[in-house]
There are 2 protein chains.
Amino acid sequence: MADSAKPVSRPHRESRKEAAVAVDETQAVQLGELSDLLGYVLKRAQLKVFEDFLRCVAPLQLTPAQFSVLLLLDGNPGRNQTEIANTLGILRPNFVSLLDSLESRDLCSRVRSANDRRSHILMLTDKGRSVLARAKKLVVTKHEARLNELLGPDGRETLLAMLTKIAEDF
Amino acid sequence: MADSAKPVSRPHRESRKEAAVAVDETQAVQLGELSDLLGYVLKRAQLKVFEDFLRCVAPLQLTPAQFSVLLLLDGNPGRNQTEIANTLGILRPNFVSLLDSLESRDLCSRVRSANDRRSHILMLTDKGRSVLARAKKLVVTKHEARLNELLGPDGRETLLAMLTKIAEDF
DNA sequence: TATTGTTATACTCTATAACTATA
DNA sequence: TATAGTTATAGAGTATAACAATA
């Protein structure tokens, strides 16, 4: 509602060209208010962190999602697919192929529950436990260590606390 | 390498059932070490924030990506598609349909550059400027306001600073 | 020869409906 | 009737190759 459709009187000779706004192309585009938008910075940071996670855990070929499943199975024996998937915010249909890939690599297994023969109890295999242990070591010594270096132990704790607050209470 | 394939002597009567590990199903699954993994919490927080952004800006039907494009066009007149897309970390091929949707809603327009007739200068339309202004108001008064309420102004600044550090230097 | 915008394409994530076998 | 796991499918988001127009 400010200026309408360019009734700007066309300038003189030098710049009668279509859209020559005299922009310094060597100058970087300005983020402006975008750099103050929490969601934007949050997303960029998240991508960076996942990228680094993948790099650090590359020797074991685990994605963040796969790692989180193994970690959850280790700490919660006897749970079924629905329970694990729900906890991670993964929809049951999408959890099937994720599990298939882990099971085909012999990292975990589905065991038909005797209590309720509809459900599959999930368990880590020995190989799964071993891979998880090695993955944890990589995450701690490489991935989280780099974050610690960047933020300092205090900064990391502060950040974690605030993100947890957002994830839980926002 | 710890315990091998379940040579566990089968227990007595009561629990001879297949995989009855006596789990309290009413008890929530424990996140365990996952709640200390920065990447995990970061991702969950990011999803929450984007969710709230969409809710707050729903009246204007703008996604975070679309909003960021409008914001960037407003602050950087005379730039072409490649420059804007690169700044946002969007690949040029994927930027085409994003722009198509904005242009079809008359929020921005592509103008063939006179300097380099290969490139399209991007400009906000009057409607684009108007929608952006209204979107900014919604973001500030609803979205960021809620975050401020949760974290406090200081907390929000601290969080932004740390996330920026990760996004830029990690 | 290189670059801009574009098309085509593919792969991952995410989301919903519906089936089967059990309960 | 309802639930667990599954299939099929569709839509975003993201990635690469290649083409036409232009430099």
Side-chain angles (χ1 to χ4, degrees), chain A residues 17-20 23 25-26 29 39-40 43-44 46-48 50-51 53-54 61-66 68-69 78-104 108-123, chain B residues 17-20 23 25-26 29 40 43-44 46-48 50-51 53-54 61-69 78-104 108-123:
Chain A
K17 322 170 194 168
E18 261 286 85
V23 169
E25 319 246 339
T26 67
V29 174
Y40 177 75
K43 173 82 173 188
R44 300 298 291 243
Q46 186 262 311
L47 290 175
K48 276 288 191 84
F50 266 43
E51 216 175 88
F53 182 98
L54 282 171
Q61 286 285 91
L62 287 179
T63 65
Q66 292 173 324
S68 67
V69 170
R79 298 295 191 158
N80 65 24
Q81 295 185 198
T82 299
E83 292 171 314
I84 298 297
N86 281 343
T87 304
L88 293 174
I90 301 172
L91 293 170
R92 274 67 82 236
N94 299 332
F95 194 53
V96 173
S97 64
L98 204 176
L99 262 191
D100 284 347
S101 78
L102 290 177
E103 202 176 16
S104 73
C108 74
S109 62
R110 298 181 237 226
V111 180
R112 200 112 236 165
S113 165
N115 306 328
D116 183 342
R117 298 186 44 74
R118 290 171 301 182
S119 66
H120 292 163
I121 300 306
L122 298 179
M123 22 199 14
Chain B
K17 324 171 192 167
E18 261 286 85
V23 169
E25 319 246 339
T26 67
V29 174
Y40 176 76
K43 173 81 172 186
R44 299 299 291 243
Q46 186 262 311
L47 290 175
K48 276 288 192 84
F50 266 45
E51 215 175 273
F53 182 99
L54 282 171
Q61 286 285 93
L62 287 179
T63 65
Q66 291 173 325
F67 177 74
S68 69
V69 170
R79 298 296 193 158
N80 66 24
Q81 294 184 200
T82 299
E83 292 171 314
I84 298 296
N86 282 344
T87 304
L88 293 174
I90 300 173
L91 293 170
R92 273 66 82 234
N94 300 332
F95 194 51
V96 173
S97 64
L98 204 176
L99 262 191
D100 284 347
S101 79
L102 290 177
E103 202 177 14
S104 73
C108 72
S109 62
R110 296 181 240 226
V111 180
R112 199 113 237 165
S113 164
N115 305 328
D116 183 341
R117 297 186 45 75
R118 289 172 303 184
S119 66
H120 291 163
I121 300 306
L122 298 179
M123 23 200 11

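Proteins get letters first, then strands, A, B, ... in listed order; numbering begins at 1 in each. Computed from heavy atoms alone, side chains included, the values below leave out hydrogens, waters and symmetry copies. These numbers were taken from a predicted model, which means no experiment stands behind them.
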| query | Are any side-chain N or O atoms of A:Arg44 and backbone N or O atoms of B:Leu88, one a donor and one an acceptor, separated by less than 3.5 Å? | reply |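 Yes, A:Arg44 side chain to B:Leu88 backbone: donor-acceptor pair under 3.5 Å.
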
| said: Closest-nucleotide mapping onto DNA chain D: is A:Leu47 or A:Arg92 further toward the 5' terminus? I mean the 5' end. | reply: A:Arg92

| message | Looking at A:Arg110, I'd like to know whether one of its side-chain N or O atoms comes within less than 4.0 Å of OP1 or OP2 on D:dT6. | response | yes

| Among residues 94-102 of chain B, which contact DNA chain C at a heavy-atom distance under 4.0 Å? | B:Val96

[X] vs [Y] side-chain heavy atoms within contact, under 4.5 Å:
X: B:Glu51; Y: B:Leu54; value: no
X: A:Gln66; Y: A:Ser101; value: yes
X: B:Leu98; Y: B:Phe95; value: yes
X: B:Ser109; Y: B:Glu103; value: yes
X: B:Glu25; Y: A:Glu83; value: yes
X: A:Leu122; Y: A:Cys108; value: no
X: A:Asn86; Y: A:Arg92; value: yes

Rounded to whole Å, how long is the line connecting atom [atom1] of [X] with atom [atom2] of [N]?
X: B:Leu62; N: D:dA12; atom1: CG; atom2: P; value: 16 Å
X: B:Arg112; N: D:dA23; atom1: CZ; atom2: C1'; value: 13 Å
X: B:Phe50; N: D:dA12; atom1: CZ; atom2: P; value: 16 Å
X: B:Gln46; N: D:dG13; atom1: CD; atom2: P; value: 12 Å
X: A:Ile90; N: C:dT12; atom1: CD1; atom2: P; value: 15 Å
X: A:Lys43; N: D:dA12; atom1: NZ; atom2: C1'; value: 11 Å
X: A:Asn115; N: D:dT3; atom1: CG; atom2: C1'; value: 15 Å
X: A:Leu91; N: D:dT9; atom1: CG; atom2: P; value: 19 Å

| message | Show, in sequence, the C-alpha distance, side-chain angles and deciding distance for B:Arg79 and B:Ile121, and conclude whether the side-chain contact (heavy atoms from CB on, under 4.5 Å) test is met. | response | CA-CA 5 Å; B:Arg79 298 296 193 158; B:Ile121 300 306; over 6 Å; no

Every protein N/O lying under 3.5 Å from an N/O of nucleotides 2-4 of chain C:
residue	atom	partner	partner atom	Å
C:dT3	O4'	B:Arg118	NH1	3.3
C:dT3	O2	B:Arg118	NH1	2.8

